[in-house]
Structure formats: C-alpha cells, structure tokens
Peer 1: 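One structure follows; several queries about it will come next.
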Amino acid sequence: MSTPHRPGVTGSSPVIRSMQLAMHVLFVLLLAVGTVRAVQVGDHLPWVVLACAAIALWYAVGLVAAPGARPLVGRVWVLGLVGLWGVAVLLSAELSWVAFALFFLVLHLLPRVPALLVVAAITVVVIAVQLADGDGGSAAARVIGPSFGALVAIGVAWVYSRLRDESEERRRLVHELTVARDDLLSTYDELAVAQRQAGVLAERSRLARDIHDTLAQGFSSIVLLSRAGLAGDAVRLRGLIEQIERTAATGLADARTVVQALTPDELEEAPLPAALGRLLDRLHEQTGIRTDLVIDGEPRALPTAVEVALLRIAQGALANVRQHAAADRVTLTITYQDDAAQLDVVDDGRGFDPADTPIRSNGSGFGLRAMRERLTGLSGTLAVESTPGDGTAVAASVPLGTGATA
C-alpha cells in the first residue's frame with residue numbers, strides 16, 4: 001500500500017517512493033522464498049499453495065486499490081493480509097520469512113499503538129511456530145531472531161516516518177510559499193493599477209490647472225472685452241475687437257501648448273521676466289490698470305517646471321485682478337535667491353476674505369486651489385494675504401536644488 005493520503009499534502013519525494021517500492025519488492029521476494037521452501041518441505045502442500053496464492057492475490061488487490069484509498073481501507077487491507085499470513089504460517093513454518101515484510105506494512109498503515117501490538121503478536125506467532133517446528137537450531141536463536149527482526153523493522157519504520165513527515169512539511173512550506181508568491185504578484189498587479197490610476201488623476205489635475213490658467217482666463221478676457229464693446233461706442237469698438245483677436249490668438253497658442261505638453265509659448269519666445277512683462281502689458285492694454293514689474297536679484301534660467309509654475313500662477317493672479325479686484329494698480333515682483341525663486345502679485349483692489357473662497361458652479365474660485373496644487377509637486381508654498389477693501393497680495397515660493405538650472 002502507498003502512503004495514506006493526508007489533507008493538504010500531495011505526492012511524495014523520490015526517497016519516499018523508493019522506500020515504498022523497496023517495501024513491495026521485499027514482500028514479494030520473502031513470499032516467493034517462503035512459498036518455494038514450503039513446497040520443498042511438502043507438508044499440507046495443496047493448502048499451502050492455496051494460502052500463498054490468496055496472500056499474493058490480496059496483496060495485488062491492495063496495490064490496485066491503494067491510489068486515493070482512505071486510511072481505513074488500508075488498515076482493513078493490512079489486517080486481512082496479516083490474517084491470511086497467520087493461516088499460512090500455521091500450515092508451514094517456512095512462511096515465517098514473510099513476517100519481516102509484514103512488520104513494515106503494519107507499522108506503515110496502522111496507528112502507532114495498534115501497529116506495535118500487531119507487530120508483537122506477529123513476533124509471538126513466529127516464535128511459537130519456530131519453537132513448535134523444532135527442526136534444527138537452538139531455542140534461543142528462534143526467539144532472538146524474530147525479536148531482533150521486529151526491533152529492526154520498528155527502527156526502520158520510525159526513520160521512514162520521520163522522512164515522510166519532513167517531506168510532507170517541506171511540501172506544505174513550498175505550497176505556502178507558492179500561495180504567498182501568487183498573493184504578492186496579485187498585490188503587485190493591484191498596486192500597478194492603483195499607480196496608473198493615480199497617474200491618470202494627477203494628469204487630469206494638471207490639465208485642469210493648465211486649462212484654467214490659459215484657456216479659461218483667455219476666454220474670460222474675451223468676455224470682458226466683448227461686454228465693454230457692447231457697452232461702448234463705435235469708435236472704441238475696433239480697438240476692442242483687435243484686443244479680442246489678440247487674446248483669442250494667445251488662447252489658441254496656449255491650447256496647442258497644453259495639448260502638446262510643451263513649455264508655454266511665452267517662455268519659448270522670452271525668458272520668464274519678459275514673459276511676465278508681456279502679461280502686465282496685456283493687462284494694462286485691456287483694462288487700463290497701471291502695472292509694474294520688479295525684478296529682485298540677478299535673473300537667471302530656472303528649471304523649466306519652476307518657470308512654467310510661476311508663469312501660470314502669475315496668469316491666474318492677474319486674471320483674478322482683472323475679474324474681481326477692481327484695482328487701479330498691480331505690482332508683480334520676481335525674486336531670484338540662491339535657493340529659491342519667489343513671485344509676488346500685489347494689487348490695491350477691493351480685496352476679499354481668503355477663508356471664504358468656494359468653487360462656484362461657473363468655475364470661479366478654482367484659481368487659488370489650482371495654484372496650490374501646481375506648487376505642491378515642486379515642494380513650493382503659496383501665501384494669500386487680503387482683507388475686504390484693502391487689496392490682495394499673492395506670494396508663491398519655490399525651493400531650488402543646488403545649481404538648479406533649466
């Protein structure tokens with residue numbers, strides 16, 4: 001019989017399979033030797049042959065039924081085999097040889113205590129048959145021989161049991177490691193999906209900021225200019241239409257920049273201070289607000305991401321001045337420091353309460369949040385100081401790494 005099935009353990013190691021094969025070969029050889037010697041002696045010959053054939057047939061039944069058999073089936077089978085052997089050995093003492101193979105089968109298939117009791121009973125039967133036969137040899141040898149055989153079988157069975165348990169434990173560990181690896185791969189796949197989703201959300205947020213800082217502000221300027229044209233006279237209408245055209249052209253260029261994910265056109269055509277100056281000129285031309293540009297420190301090329309962020313923040317702040325401040329004057333200051341760059345936009349308009357800036361259904365109120373989100377990726381900060389009736393100051397600061405350049 002093969003190793004009884006244990007839950008959670010499948011298969012067996014090459015060592016275990018080799019020992020099982022050796023057990024079967026040993027039984028067949030001992031049964032063959034015992035049968036041949038019993039035939040030579042000639043006592044109860046027909047019954048001996050019939051008993052040996054019954055043992056061989058019952059053993060073959062066990063080999064066929066072994067795969068997938070329950071432990072109870074194996075125990076019934078081995079007890080039946082012991083019973084057939086007991087009948088055969090009473091007919092011929094020469095079949096005592098088979099007892100040594102029976103020891104291994106009993107110790108292998110029965111629980112420990114019942115197995116030891118059955119081994120002891122088989123040993124007693126062998127000793128009794130040997131003493132009753134009395135055909136040569138001393139009585140002591142006939143007692144010691146089967147006893148030592150039983151002890152050797154018990155030792156070998158114990159070693160076999162340890163090997164089997166270690167093999168099954170190793171297979172259990174391999175199974176657990178395989179499950180853990182599969183779980184790890186599944187977790188890795190889920191993490192990759194989450195990272196892709198986070199990237200998609202971050203890209204959506206970036207596009208929202210870019211659209212707000214470019215297209216939305218350009219459209220807002222066009223709306224304001226159109227309203228001024230509708231409320232004005234025909235003399236001013238041409239100039240307003242020209243401003244609308246320029247604003248729309250700028251919005252188109254910004255739209256292409258957003259789509260292509262390139263540096264803003266303003267920075268491609270001029271360095272940051274010049275681009276900021278053009279924003280102020282455009283604001284003055286469209287609204288009549290007096291504008292000033294102050295450069296503090298030695299201008300130098302900044303990392304592209306920093307220049308884009310400061311330009312977009314300046315666009316957002318000036319758009320707020322145009323739409324909400326009703327200001328007469330606005331000052332934009334760009335400060336170059338060794339380890340940081342700072343942008344300040346200060347106006348003398350009506351001001352507001354920074355703690356009360358909800359995002360409205362028409363999209364207004366998004367600008368300050370977009371500025372903060374844009375600076376977050378650069379480890380920058382945004383400070384807004386304003387009180388109703390006393391103007392507004394927006395300060396954006398971005399740290400620079402050592403030797404940071406574009």
Side-chain angles (χ1 to χ4, degrees), residues 209-210 212-214 216-218 220-221 224 243 246-247 250-251 253-254 257 263-337 340-352 354 357 366-375 378 380-387 390-400 406:
R209 293 194 300 268
D210 285 345
H212 173 272
D213 294 341
T214 55
Q217 294 170 12
S220 177
S221 298
L224 293 175
Q243 292 181 21
R246 288 194 294 271
T247 302
T250 301
D254 286 337
T257 297
T263 302
D265 289 344
E266 295 92 336
L267 295 178
E268 289 184 345
E269 298 172 1
L272 180 60
L276 296 175
R278 292 198 317 179
L279 291 179
L280 293 175
D281 292 340
R282 189 181 307 150
L283 177 66
H284 174 69
E285 180 183 0
Q286 294 175 356
T287 65
I289 297 175
R290 288 180 295 168
T291 60
D292 295 301
L293 175 63
V294 178
I295 301 176
D296 186 4
E298 184 66 27
R300 66 181 187 276
L302 301 176
T304 301
V306 174
E307 291 193 339
V308 170
L310 294 179
L311 177 65
R312 294 308 187 203
I313 291 171
Q315 287 177 317
L318 294 177
N320 288 337
V321 171
R322 178 192 297 118
Q323 297 177 44
H324 309 297
D328 294 324
R329 187 178 193 127
V330 61
T331 300
L332 191 153
T333 304
I334 176 72
T335 303
Y336 292 91
Q337 301 173 353
Q342 182 167 326
L343 176 74
D344 297 278
V345 181
V346 181
D347 69 75
D348 60 357
R350 63 168 60 104
F352 67 101
T357 55
F366 181 79
L368 292 178
R369 193 184 80 175
M371 294 179 193
R372 289 192 174 91
E373 290 179 354
R374 187 179 294 279
L375 290 172
L378 300 173
T381 58
L382 181 73
V384 180
E385 297 180 2
S386 182
T387 54
D390 196 25
T392 302
V394 177
S397 179
V398 181
L400 302 175

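Computed over heavy atoms, backbone and side chain alike; hydrogens, waters and symmetry mates excluded.
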Peer 1: By the definition side-chain contact (heavy atoms from CB on, under 4.5 Å), identify the one residue from Leu332, Ile313, Thr331 that meets it with Val345.
Peer 2: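 Only one option passes, and that is Leu332.
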
Peer 1: Over all heavy atoms of both residues, which pair between Leu280 and Asp292 is shortest? Give the atoms and the distance, please.
Peer 2: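 So the minimum-distance heavy-atom pair works out to CD1-O, 3.4 Å.
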
Peer 1: To the nearest 0.5 Å, what is the distance between CG (Leu293) and OG1 (Thr333)?
Peer 2: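 If I round to the nearest 0.5 Å, the distance is 7.5 Å.
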
Peer 1: Between Leu276 and Leu311, is any pair of side-chain heavy atoms under 4.5 Å apart?
Peer 2: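 Yes; the side chains approach each other to less than 4.5 Å.
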
Peer 1: Which heavy-atom pair separates Thr392 from Gly351 by the least distance, and what is that distance?
Peer 2: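 Distance-wise, the nearest heavy atoms are OG1-CA, 3.6 Å.
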
Peer 1: Between the side chain of Ser386 and the main-chain N/O of Phe352, is any donor-acceptor distance below 3.5 Å?
Peer 2: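 Present.
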
Peer 1: Looking at side-chain heavy atoms only, is the closest gap between Leu400 and Tyr336 below 4.5 Å?
Peer 2: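 Not in contact.
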
Peer 1: Considering all heavy atoms of both residues, which atom of Arg300 and which atom of Glu307 are nearest to each other, and what is their separation?
Peer 2: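 Closest pair (atom of Arg300, atom of Glu307, distance): O-OE2, 4.4 Å.
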
Peer 1: Going by heavy atoms in the side chains, are Arg322 and Leu318 under 4.5 Å from each other?
Peer 2: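 Contact flag for Arg322/Leu318 side chains = no.
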
Peer 1: What's the separation between atom NE2 in His284 and atom OG1 in Thr291, rounded to the nearest 0.5 Å?
Peer 2: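 Reported value, rounded in 0.5 Å steps: 6.5 Å.
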
Peer 1: To the nearest 0.5 angstrom, please state how far the CG atom of Asp347 sits from the CG atom of Asn320.
Peer 2: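 Separation between the atoms: 9.5 Å.
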
Peer 1: Please report the closest heavy-atom contact between Ala341 and Leu302, naming both atoms and the distance.
Peer 2: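 In this case the closest contact between Ala341 and Leu302 is CB-CD1, 3.8 Å.
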
Peer 1: State the CG-CD1 distance between Asp296 and Ile334, to the nearest 0.5 angstrom.
Peer 2: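 It is 9.5 Å, given to the nearest 0.5 Å.
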
Peer 1: Would you name the heavy atoms of Leu375 and Val398 that are closest together and state the gap between them?
Peer 2: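 Looking at all heavy atoms of both residues, the closest pair is CD2-CG2, 3.6 Å.
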
Peer 1: From Arg278 CZ over to Arg282 CZ, what is the distance, rounded to the nearest 0.5 angstrom?
Peer 2: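 Interatomic distance, Arg278 CZ to Arg282 CZ, rounded to 0.5 Å: 6.5 Å.
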
Peer 1: With a 6.0 Å cut-off (strictly less than), is the heavy-atom count around CD of Glu385, excluding the residue itself, greater than 12?
Peer 2: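 Open: at most 12 neighbouring heavy atoms sit under 6.0 Å from CD of Glu385.
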
Peer 1: Once you round to the nearest 0.5 Å, how far does CG of Leu310 lie from CE of Met371?
Peer 2: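 Atom-to-atom, Leu310:CG and Met371:CE are 11.5 Å apart.
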
Peer 1: Of the non-hydrogen atoms in Arg350 and Ala326, which two are nearest, and what is the gap between them?
Peer 2: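 In terms of heavy atoms, the two residues are closest at NH2-CB, 3.5 Å.
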
